[in-house]
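Note sheet for the following structure.
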Amino acid sequence: MSDAPARDREVVAGAIFREGRLLLAQRTSPPALAGRWELPGGKVEEFESPQNALARELLEELAVEVRCGARIGVDVPLSPGLVLRAYRAELVSGEPVALDHAQLTWVDAEELLSMDLVDNDRAWIPELLAELSAL
Ligand code: 523
């Protein structure tokens, strides 16, 4: 038995910026979140790094190859032992398509504020807006 505290499991979400816009994806499930918009991503598997998980999830969900960059914004607690974190994701190849979402859209700063984002992702609006305004 180890005395080390168990580390939080992580859900990763990717912020992809291009030409002054941010990619958002519209969820199809669960029913409470369907129709609402998010930064795409998913759960980090056991023994997987957050960086590899983000690359895997965005390949599965958007059919793109990305390089995971720096963290953006705060940790968002999802449940005891599970935390949601956003990372920049640089597009390396491919054009995003909605394999797992209802649709995708690229928003500027003003549009971001008018989107029905999932509650958790609203925590990152200040940093996302700052980035979009600087682009
Ligand atoms: N969020 C969230 N925002 C956000 C993501 C990628 C995920 O609030 N940008 C939440 C939604 C779920 C949990 O994190 O409560 C897991 O995300 P999900 O369902 O996208 O991850 P999956 O597909 O890895 O999860 P399972 O299908 O449940 O394994």
Side-chain angles (χ1 to χ4, degrees):
M1 276 263 292
S2 159
D3 291 326
R7 267 201 280 154
D8 283 346
R9 289 287 303 274
E10 191 170 333
V11 177
V12 291
I16 303 177
F17 295 98
R18 187 169 71 187
E19 294 167 7
R21 293 176 173 270
L22 169 70
L23 184 72
L24 293 180
Q26 190 179 37
R27 289 192 66 107
T28 59
S29 69
L33 298 182
R36 302 185 67 189
W37 295 84
E38 68 172 4
L39 298 187
K43 288 198 192 88
V44 179
E45 301 290 347
E46 213 174 344
F47 307 120
E48 187 182 37
S49 68
Q51 290 76 14
N52 285 351
L54 188 69
R56 176 185 51 74
E57 288 283 353
L58 298 192
L59 183 61
E60 288 170 5
E61 296 183 356
L62 307 175
V64 290
E65 195 187 334
V66 300
R67 191 176 305 119
C68 181
R71 288 277 317 279
I72 290 195
V74 294
D75 285 12
V76 182
L78 292 179
S79 58
L82 190 65
V83 62
L84 173 66
R85 296 195 173 112
Y87 293 80
R88 286 167 195 280
E90 309 290 344
L91 268 181
V92 175
S93 68
E95 179 62 26
V97 286
L99 299 180
D100 201 44
H101 289 89
Q103 52 179 331
L104 306 178
T105 191
W106 294 91
V107 295
D108 63 18
E110 196 184 327
E111 290 160 348
L112 175 64
L113 289 172
S114 71
M115 299 298 291
D116 184 16
L117 287 186
V118 300
D119 292 339
N120 292 325
D121 294 28
R122 304 196 78 84
W124 305 320
I125 286 179
E127 290 79 12
L128 296 172
L129 275 185
E131 177 76 23
L132 287 170
S133 305
L135 290 173

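Position 1 is the first residue of the sequence; numbering continues from there. Whatever order the structure lists ligands and atoms in, that order sets their numbers, starting from 1.
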Identify which of D121, N120, V11, V44 has a heavy atom lying nearest to atom 3 (N) of ligand 1. D121
Treating Ile, Leu, Val, Met, Phe, Trp and Tyr as nodes and any side-chain heavy-atom pair under 4.5 angstrom as an edge, say whether L104 and V107 lie in one connected cluster. no
Nearest protein heavy atom with distance in Å, relative to atom 5 (C) of ligand 1: E38 OE1, 3.3 Å
Donor-acceptor contact present, side-chain W124 to main-chain V74, <3.5 Å: yes
Specify the protein heavy atom at minimum distance from atom 9 (N) of ligand 1: its residue, its atom name, and the distance to 0.1 Å. L39 O, 2.7 Å
Look at atom 24 (O) of ligand 1 and say whether a protein heavy atom is found at less than 4.0 angstrom from it. yes
Can you pull out the closest protein heavy atom to atom 21 (O) of ligand 1? Residue, atom name and distance to 0.1 Å, please. G42 CA, 3.4 Å
Is a donor on one side and an acceptor on the other found under 3.5 Å between the side chain of R7 and the backbone of R9? no
Would you say the side-chain atoms of E111 pair up with the backbone N or O of D108, donor to acceptor, closer than 3.5 Å? yes
Of all the non-hydrogen atoms in the protein, which one sits nearest to atom 26 (P) of ligand 1, and at what distance? K43 NZ, 3.3 Å
Spell out, yes or no, whether L62 and V12 are grouped together once hydrophobic residues are joined by side-chain heavy atoms under 4.5 Å, including indirect joins. yes
Please determine whether residues L113 and L128 belong to a single hydrophobic cluster, defined as Ile, Leu, Val, Met, Phe, Trp and Tyr linked transitively by side-chain heavy-atom distances below 4.5 Å. yes
Is L78 reachable from L39 through a run of hydrophobic residues whose side-chain heavy atoms are each under 4.5 Å from the next? yes
Can V11 be reached from V76 by stepping across I, L, V, M, F, W or Y side chains whose heavy atoms are under 4.5 Å apart? yes
Tell me the protein heavy atom at minimum distance from atom 15 (O) of ligand 1, and give that distance in Å. L78 CD1, 4.8 Å
Non-hydrogen protein atom less than 4.0 angstrom from atom 12 (C) of ligand 1: no
Backbone, side chain, both or neither: what part of V76 comes under 4.0 angstrom of ligand 1, heavy atoms only? neither
Which atoms of ligand 1 have any heavy atom of G41 under 4.0 Å away? 6 (C), 20 (O)
I need the atoms of ligand 1 closer than 4.0 Å to a non-hydrogen atom of A13, numbered in the order shown. 9 (N)
Do L117 and L112 come within less than 4.5 Å of each other through their side chains, counting heavy atoms only? yes
Below 4.0 angstrom from a heavy atom of E57, which ligand 1 atoms are there? Numbered from 1 as shown, please. 24 (O)
Check each heavy atom of L84 against ligand 1 and say whether those closer than 4.0 Å belong to the side chain, the backbone, both or neither. side chain
In terms of residue, atom name and distance, what is the protein heavy atom nearest to atom 20 (O) of ligand 1? R27 NH1, 3.1 Å
